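Remarks on the structure that follows.
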Amino acid sequence: MINFISPHCHIQSLDSASTPEAFVKRELELGTGHITVTDHGSLGAARKVYDLAKDAGIVPILGVEGYFRDDTDSILTKHGYPKNSNGAFTTAPKYTHITLHAKDQPAYECMVRLLSKADERLDETLLKLE
């Protein structure tokens with residue numbers, strides 16, 4: 001039997017009204033031995049899920065659903081997507097999703113540092129798009 005590990009769960013977000021406790025309970029019912037958490041652009045539920053998972057004897061896999069946009073994308077340039085005077089694509093997709101999971105404590109700490117700087121980078125990006 002193959003155990004399925006939830007690859008992508010958002011806790012109490014627009015994607016899910018479920019609670020961390022409900023997710024842990026369901027993972028225990030499924031017998032996967034693991035639980036993931038990948039909140040939208042934050043690690044808001046990470047600590048709670050970590051604590052609940054440890055208490056339940058399952059492995060927590062902490063992560064984040066991030067967003068990125070590359071205004072130097074050669075494919076979009078090749079296909080003629082226009083750019084504004086600041087070099088940002090004006091009609092291309094706003095962003096792409098990526099799900100990242102921390103392999104260990106140093107990786108988690110790195111994720112925390114990067115997300116802590118995200119607001120600054122977002123503000124700079126939004127100014128470019130105007």
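The analysis underlying the following values was restricted to heavy atoms, covering all of them including side chains, and did not include hydrogens, waters or symmetry mates. Bear in mind the structure is a predicted one, so any value in this text is a computation, not a measurement.
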So which heavy atom on [X] is nearest to which on [Y], and how close?
X	Y	answer
A45	V37	CB-CG2, 4.0 Å
A107	D104	N-OD1, 3.0 Å
V64	L115	CG2-CD1, 3.9 Å
V59	A53	C-CB, 4.5 Å
F89	T77	CZ-OG1, 3.6 Å

L62 vs Y50 side-chain heavy atoms within contact, under 4.5 Å: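 A side-chain contact exists here, since the closest heavy-atom pair is under 4.5 Å.
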No-hydrogen, no-angle side-chain donor-acceptor test under 3.5 Å, E65 and T38: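 There is no such pair between these side chains.
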N86 side chain vs A88 backbone, donor-acceptor pair below 3.5 Å: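 Answer holds: no.
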Within 6.0 angstrom of K83 NZ, more than 12 heavy atoms from elsewhere: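 Above 12, so yes.
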Neighbour count >12 (heavy atoms, 6.0 Å) for atom OH, Y108: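 More than 12 within 6.0 Å, yes.
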Partner set under side-chain contact (heavy atoms from CB on, under 4.5 Å) for S74, not counting sequence neighbours: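 For S74, no residue satisfies side-chain contact (heavy atoms from CB on, under 4.5 Å) once neighbours in sequence are set aside.
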From [X] [atom1] over to [Y] [atom2], what is the distance, rounded to the nearest 0.5 angstrom?
X	Y	atom1	atom2	value
E27	L52	CD	CG	12.5 Å
K25	T19	NZ	OG1	9.5 Å
I58	H34	CD1	NE2	9.0 Å

